[in-house]
Amino acid sequence: MNPHKADSFFQKVYEVVRRVPRGRVTTYGAIAAYLGSKGSARMVGWAMNHSHKTDPDIPAHRVVNRNGVLTGKHHFGTHRMMQQLLENEGVVVISDKVRHFDALFWDPGKAR
DNA sequence: GGTGTGACCAGCT
DNA sequence: AAGCTGGCCACAC
């Protein structure tokens with residue numbers, strides 16, 4: 001009802017990503033679905049691409065694809081950066097995949 | 001204002 | 001089984 005710039009899709013994505021607890025991960029699809037656009041998971045990834053420009057404090061490394069694979073690792077400063085950050089939070093990453101992804105998955109819809 | 005693109009997802013061949 | 005296509009929607013040129 002009040003299409004302000006602050007309410008743009010990107011901004012909502014950032015807000016959700018910020019809510020992801022430390023040591024947890026979520027997926028593009030989950031965020032997209034939470035925002036009401038289930039099929040627009042690509043938009044989420046795109047939002048992340050500009051996240052470092054708009055809000056550099058966004059923990060984009062906590063966002064992975066539905067396989068738990070660090071698809072966006074290549075977009076960080078260095079490829080190891082994303083894995084480094086995750087492991088630094090206690091998330092084990094093997095072959096660019098999050099171990100125990102099922103248990104570490106954080107659903108924004110179920111979160112408080 | 002149309003076209004292209006994109007850190008995805010699911011389905012079809 | 002593995003690869004390709006379409007769909008989805010917002011943003012940049």
Side-chain angles (χ1 to χ4, degrees):
Chain A
M1 306 286 211
N2 192 349
H4 202 260
K5 290 181 181 179
D7 290 337
S8 100
F9 190 85
F10 277 38
Q11 203 65 22
K12 286 186 176 181
V13 173
Y14 301 149
E15 197 172 330
V16 174
V17 177
R18 273 187 213 160
R19 286 182 193 159
V20 180
R22 181 174 172 280
R24 293 284 200 141
V25 292
T26 189
T27 68
Y28 304 98
I31 296 173
Y34 176 70
L35 296 179
S37 303
K38 185 178 181 181
S40 55
R42 301 165 110 189
M43 285 24 320
V44 178
W46 216 345
M48 303 271 84
N49 190 9
H50 278 246
S51 66
H52 70 100
K53 300 169 66 175
T54 318
D55 293 303
D57 293 330
I58 302 268
H61 59 275
R62 293 179 189 155
V63 185
V64 295
N65 71 349
R66 76 160 193 95
N67 288 317
V69 181
L70 283 54
T71 51
K73 67 171 182 182
H74 216 270
H75 284 263
F76 283 77
T78 56
H79 305 184
R80 299 180 195 164
M81 183 70 105
M82 190 170 184
Q83 180 171 342
Q84 184 72 49
L85 291 169
L86 286 171
E87 289 185 338
N88 192 25
E89 296 182 354
V91 179
V92 181
V93 179
I94 302 174
S95 299
D96 297 335
K97 286 178 287 191
V98 176
R99 192 186 185 196
H100 300 168
F101 168 69
D102 187 19
L104 295 177
F105 174 66
W106 181 84
D107 189 344
K110 293 181 180 179
R112 284 176 264 180

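Numbered from 1 within each chain, the chains take letters A, B, ... in sequence-line order. Because the structure is predicted, anything quoted here is derived from the model rather than measured.
- Side-chain proximity of A:R42 to the nucleotides B:dC8, C:dA12, C:dA10 is greatest for B:dC8.
- Between A:L86 atom CG and B:dA7 atom P there is a gap of 18 Å when expressed in whole angstrom units.
- Surrounding NE2 of A:H52 are more than 12 heavy atoms belonging to other residues, nucleotides or ligands, all under 6.0 Å away.
- Nucleotide B:dC9 holds its P atom 10 Å from the CD1 atom of A:I31, rounded to whole Å.
- Looking at A:R62 and A:V91, their side chains never come closer than 4.5 Å, going by heavy atoms from C-beta outward.
- Rounded to whole Å, atom C1' of B:dC8 lies 10 Å from atom CG of A:N67.
- Out of B:dA7, B:dG4, C:dC8, the shortest distance to the side chain of A:S40 is found at C:dC8.
- Rounded to an integer number of Å, the gap from A:N49 CG to B:dA7 P is 7 Å.
- Dashed line: the shortest gap from a side-chain N or O of A:R66 to OP1 or OP2 of B:dA10 is under 4.0 Å.
- Comparing C:dC8 with B:dG1, their P atoms sit 24 Å apart, to the nearest whole Å.
- The separation between A:K53 atom NZ and C:dA12 atom P is 8 Å, rounded to whole Å.
- Atom pair A:M81:CE and B:dA7:P shows a separation of 19 Å (rounding to whole Å applied).
- At least one side-chain nitrogen or oxygen of A:T71 sits closer than 4.0 Å to the OP1 or OP2 atom of B:dC8.
- Atom-to-atom, OH of A:Y28 to P of B:dA7 comes out at 9 Å; the value is rounded to the nearest Å.
- Nucleic acid contact class of A:N65 (heavy atoms, under 4.0 Å, all strands): sugar-phosphate only.
- With values rounded to the nearest 0.5 angstrom, A:D96 atom CG is found 10.0 Å from A:H79 atom NE2.
- With C:dC11, B:dA7, B:dC9 as the choices, the nucleotide that has an atom nearest any side-chain atom of A:A41 turns out to be B:dC9.
- The NE2 atom of A:H75 sits 12 Å away from the C1' atom of B:dC8 (whole-angstrom rounding).
- Within the 4.0 angstrom heavy-atom criterion, base atoms lie near A:A60.
- The aromatic rings of A:H61 and A:F76 sit perpendicular, their planes meeting at an angle over 60°, well past the 30° parallel limit.
- Taking the six-membered ring where the residue is Trp, A:F101 and A:F105 present tilted rings, their angle falling between 30° and 60°.
- Closest approach to the A:F76 side chain among C:dA12, B:dC8, B:dA7 is made by B:dA7 (side chain taken as heavy atoms from C-beta onward).
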